[in-house]
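Step one of this worksheet: look at the structure below.
The residues of the chain are indexed from 1 along the displayed sequence.
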Amino acid sequence: MSVHLIGGGATTIADASLHVPFVAEAASRADRAGRPRPRIAVISLHPEAEEKAAALGELLTQAAAGTAIEVHLTAGRPGEPIGLDAIADVDGIAVGGGVVEDVRAGLEPVFGELRRLVAAGVPYLGVSAGAMIAAEGSLGGGSRIGGVVVSPEDPGEAGGELEIEAGIGLVDVAIEVHVAQRGMLSRLVAAVESGLIAGALGIDERTALIVSDGGLRVEGDGSVWRVLPAEGGVLVSTIGA
């Protein structure tokens, strides 16, 4: 079982290589199940869900490098939770980005089944918000802690408080995305230092973190930032590809 988390930005065919390990795991599981082609559920809860689901499905098809795969697209709508049929009888599950609160709310009714499937060997791919909700505690979109700004805000528009909601629980530390590109490392540092979260991993764009029984592996152009509590503050380090 592996959990594949991409920090966003990997949206072109040139980024298909980041998805290759996930597709390979899905194909391996399909082979063990006696299926000639892996079935992969692709779920989007983005405001442009149909377009984004199709684009992620195309990236996975390109990552298969000529091997036939079955992509089952689900385009969610705000306020309409994803049903169990979207993830039934599949060899891999891919969840795209969007507003993290909306993605979490749409999938929350199937969190338990997602955990069961991944524990049974179905690989999970989360991109951007889909990566954030994989954590036990899912970071929200807030940019302030105790009213203090801890990450960039839009000019003239005050941000909200950072809140932590229950995530799927596939990894035991909080996950941040778009880290270097959107200046999100400061948010992680502040969240850990304040005790809001116990530790975190932040993933740059066009970068994949693969979590498996064998440990952590990084693929792609950027870094994964590890933020942990330390005496008198926090400890920040990076994991490169």
Side-chain angles (χ1 to χ4, degrees), residues 3-20 22-23 26 39-64 69-88 90 92-111 114 123-135 138-143 151-155 157 159-160 163 165 167-168 175-184 203-209 220-222:
V3 177
H4 303 249
L5 307 174
I6 296 178
T11 58
T12 69
I13 297 304
D15 301 305
S17 61
L18 281 180
H19 303 76
V20 168
F22 167 76
V23 173
R39 300 171 182 166
I40 299 177
V42 176
I43 300 170
S44 176
L45 289 140
H46 190 278
E48 301 170 353
E50 290 188 10
E51 177 184 336
K52 297 299 184 181
L56 181 51
E58 179 61 23
L59 274 174
L60 297 177
T61 299
Q62 291 293 324
I69 65 173
E70 293 181 20
V71 177
H72 297 261
L73 305 181
T74 299
R77 297 180 181 178
E80 295 183 10
I82 298 299
L84 288 172
D85 57 325
I87 55 174
V90 296
I93 300 166
V95 178
V99 178
V100 65
E101 290 85 356
D102 293 344
V103 177
R104 195 199 73 83
L107 282 169
E108 185 177 19
V110 298
F111 278 0
L114 285 169
Y124 175 91
L125 170 68
V127 181
S128 190
M132 294 174 73
I133 68 165
S138 173
L139 297 172
S143 57
S151 62
E153 296 181 341
D154 292 332
E157 184 178 342
E163 297 182 350
E165 300 281 356
I168 303 171
I175 299 295
E176 183 65 280
V177 294
H178 307 286
V179 176
Q181 291 74 20
R182 299 188 186 178
M184 303 307 288
I203 310 169
D204 288 345
E205 292 184 2
R206 290 188 164 84
T207 305
L209 171 66
D221 298 338

Testing the basics here: between [X] and [Y], what is the closest heavy-atom pair and its distance to 0.1 Å?
X: Phe22; Y: Pro123; answer: CE1-O, 3.4 Å
X: Ile43; Y: Ala86; answer: CD1-CB, 4.4 Å
X: Thr61; Y: Val71; answer: OG1-CG2, 4.0 Å
X: Ala10; Y: His19; answer: O-CE1, 4.1 Å
X: Ala64; Y: Ile69; answer: CB-CG2, 3.9 Å
X: Pro152; Y: Gly183; answer: CD-O, 3.3 Å

Checklist entry - If you measure from CG on Leu5 to CG on Leu209, what distance do you get to the nearest 0.5 Å? => result 5.5 Å
Next on the checklist: I need the Leu60 CG to Ile40 CD1 distance, nearest 0.5 Å.
Outcome noted: 5.5 Å
List, one per line, each side-chain donor-acceptor pair under 3.5 Å for residues 92-108, sequence neighbours excluded.
| from | atom 1 | to | atom 2 | distance (Å) |
| --- | --- | --- | --- | --- |
| Glu101 | OE2 | Gly141 | N | 2.7 |
| Arg104 | NH1 | Ala166 | O | 2.9 |

Item to check | CA sep, side-chain torsions, deciding dist, call: Thr74, Asp85, side-chain contact (heavy atoms from CB on, under 4.5 Å) | outcome: CA-CA 10 Å; Thr74 299; Asp85 57 325; over 6 Å; no
Got a list of side-chain donor-acceptor pairs under 3.5 Å for residues 50-59, not counting sequence neighbours?
| from | atom 1 | to | atom 2 | distance (Å) |
| --- | --- | --- | --- | --- |
| Glu58 | OE2 | Gln62 | NE2 | 3.0 |

Checklist entry - So do the side chains of Val179 and Thr207 get within less than 4.5 Å of each other, counting heavy atoms only? => result no
Next on the checklist: Quick check: do Leu114 and Ile87 have side-chain heavy atoms less than 4.5 Å from each other?
Outcome noted: yes
Checklist entry - Can you list the residues that meet the side-chain contact (heavy atoms from CB on, under 4.5 Å) rule with Glu163, with sequence neighbours excluded? => result Glu165
Checklist entry - Who passes side-chain contact (heavy atoms from CB on, under 4.5 Å) against Ala135, sequence neighbours left out? => result Val171, Ile175
Got a sec, which residues hit side-chain hydrogen bond (donor to acceptor under 3.5 Å, both in side chains) with [X], two or more places apart in sequence or on another chain?
X: Ser128; result: His178
X: Ser151; result: none
X: His46; result: none
X: His4; result: Glu25

Checklist entry - What pairs meet the salt bridge (charged side-chain N to carboxylate O under 4.0 Å, His left out) rule with one or both residues in residues 4-19, with sequence neighbours excluded? => result Asp15-Arg206
Next on the checklist: Quick test of your reading: applying salt bridge (charged side-chain N to carboxylate O under 4.0 Å, His left out), list the pairs with at least one residue in residues 72-83, sequence neighbours left out, ordered by first then second residue.
Outcome noted: none
Next on the checklist: Tell me every residue that passes salt bridge (charged side-chain N to carboxylate O under 4.0 Å, His left out) with Glu70, counting only those two or more places apart in sequence or in another chain.
Outcome noted: Arg37, Arg39
